[in-house]
Amino acid sequence: MASRLVAGGAAVVALAALGVFSLLGGFVASCTSQGTGVRDEGPARGSASTEEETPSASPSSAPPRVDAVRLLMNDPDVDVGVKEMLRLCTSDKDSYPVDAIYGNLTDGGRDDVVVNVLTCGDAVSIGTYVYRPEGDDYTNAFRSDGFPVYAEIDRRELVVTQQVYSDEDPVADPSGEDVITYRWKSGDFVEQGRVHNDYSKAVGTESASPPRN
C-alpha cells in the first residue's frame, strides 16, 4: 500500500491557478533538472604530433528509463488536479512538467522512480510520487500532493521537502519548510526524521535607515 501525505485536489488547483511563486530554500526545480550539475572537464586537446592518444572509455549503458507521464496518468492514486497539470509546457513533445529521479529505495531489483510534477511557468512542484518495480511494471509506493512539495533520493532514503504556511501567509510567502526523511521498511516508507526550517521574514523587506549621528 502506498504511503500518503495528502492535502487534497482543491489545494492543487488553487496553487496551480496562482501561477507565480517566490519560494525559498532548495525547493524549486526546473522542468529539465535531470542533469548532473557541474561537469569536470578533461585535459586540453594537444597536437597530434606531441600528445599520445589514449583509448576512449567505453560508454556506460544508461539504466532503463520509464514513461513518467504514463505512470502518473494510469495511476488511480494520483490526484485529478495533478493530472490536469500534465500538459506540454512548449511545442516540444518531451516538455511535460515532470522530474524523474532514479535510484534504489526499495530493493526491488531495478531502480525505483521518484516523479515530481511541476507547474510550467514557475517550476513549482505540486505533487511527488514514488514507483517501485513490480514484475514488468511499476506500482505506487508513496505519494504526496496538494501543496508545494518536492522529493529526492539521498543514499537510499527518500527526502521530501514541504513548504509550511501559517494562517496569515500568502501562498508566495511560506513561513518555512519541513524536510522529512523516509526509509523503506517492511513494505512501506517509514519516517526516520524531520527537520523544520523557519524562513526569515526580513528577507526581501526594505532595511531601516541607519540612525543619524
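All values below come from the heavy atoms of this structure, side chains included, with hydrogens, waters and symmetry mates left out. Model, not experiment: these values are computed from the prediction.
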* When Ser144 is tested against each of Val149, Leu158, Asn116 for side chain to side chain contact (heavy atoms under 4.5 Å, CB included), which residue passes? -> Val149
* **Pairing residues for Arg110 by the side-chain hydrogen bond (donor to acceptor under 3.5 Å, both in side chains) criterion, not counting sequence neighbours** => none
* Between CG of Asp137 and CG of Leu71, what distance do you get to the nearest 0.5 Å? -> 7.0 Å
* Asked: Tell me, do Tyr199 and Val164 make a side-chain contact under 4.5 Å, heavy atoms counted?
  -> no
* Asked: Going by heavy atoms in the side chains, are Leu105 and Val114 under 4.5 Å from each other?
  -> yes
* What heavy-atom pair brings Ala100 and Val113 nearest, and what distance separates the two atoms? -> CB-CG1, 4.4 Å
* So Ile153 and Tyr102, side chain to side chain contact (heavy atoms under 4.5 Å, CB included) or not? Walk me through it. -> CA-CA 8 Å; Ile153 298 174; Tyr102 298 83; over 6 Å; no
* Asked: Should Tyr138 and Val66 count as side-chain neighbours, where that means a heavy-atom distance under 4.5 Å?
  -> yes
* Structure fact -> Value for OG1 (Thr128) from CD1 (Ile101), rounded to nearest 0.5 Å, stands at 7.0 Å
* Structure fact -> Rounded to the nearest 0.5 Å, the OG1 atom of Thr90 sits from the OH atom of Tyr96 at a distance of 11.0 Å
* Structure fact -> side chain to side chain contact (heavy atoms under 4.5 Å, CB included) test vs Trp184 passes for just one of Asn104, Asp112, Thr106, namely Thr106
* Non-hydrogen side-chain atoms of Val98 and Leu86 separated by less than 4.5 Å -> yes
* Structure fact -> For Pro148 and Val124, the nearest pair of non-hydrogen atoms, with its separation, is CB-CG1, 4.3 Å
* Asked: Looking only at heavy atoms, which two atoms of Ala141 and Phe189 are closest? And how far apart?
  -> O-CD1, 3.6 Å
* Short N-O contact, Arg156 and Asp107, less than 4.0 angstrom -> yes
* Structure fact -> Tightest non-hydrogen contact, residues Gly108 and Pro133, listed as O-CG, 3.6 Å
* Short side-chain donor-acceptor distance under 3.5 Å, Tyr129 and Asp145 -> yes
* Asked: Do Val179 and Ile126 sit in the same hydrophobic cluster, where Ile, Leu, Val, Met, Phe, Trp and Tyr count as joined when their side-chain heavy atoms come under 4.5 Å apart?
  -> no
* Flag the pair Ile180 / Glu191 as yes when at least one side-chain heavy-atom distance between them is below 4.5 Å, and no otherwise. => yes
* Can you check whether Met85 reaches Thr119 side chain to side chain, under 4.5 Å on heavy atoms? -> yes
* Supply the atom-to-atom distance Arg155 CZ to Thr181 OG1, rounded to the nearest 0.5 angstrom. => 10.0 Å
* Got a second to check how far Asp77's CG is from Thr139's OG1, nearest 0.5 Å? -> 8.0 Å
* To do: Would you please test Tyr182 and Val130 for side chain to side chain contact (heavy atoms under 4.5 Å, CB included) and show each step?
  => CA-CA 12 Å; Tyr182 296 89; Val130 178; over 6 Å; no
* To do: Could you grab the distance from atom CG of Asp79 to atom CG of Leu72, nearest 0.5 Å is fine?
  => 11.5 Å
* Where the side chain of Arg183 meets the backbone of Gln192, is there a donor-acceptor pair that is under 3.5 Å apart? -> no
* Go through the steps to decide whether Asn197 and Glu177 satisfy the test side chain to side chain donor-acceptor pair (under 3.5 Å), and finish with yes or no. => CA-CA 5 Å; Asn197 299 317; Glu177 67 180 16; 2.9 Å; yes
* To do: Flag yes if Val195 and Val160 sit in one hydrophobic cluster, no otherwise; membership is Ile, Leu, Val, Met, Phe, Trp, Tyr, and two members link when side-chain heavy atoms are under 4.5 Å apart.
  => no
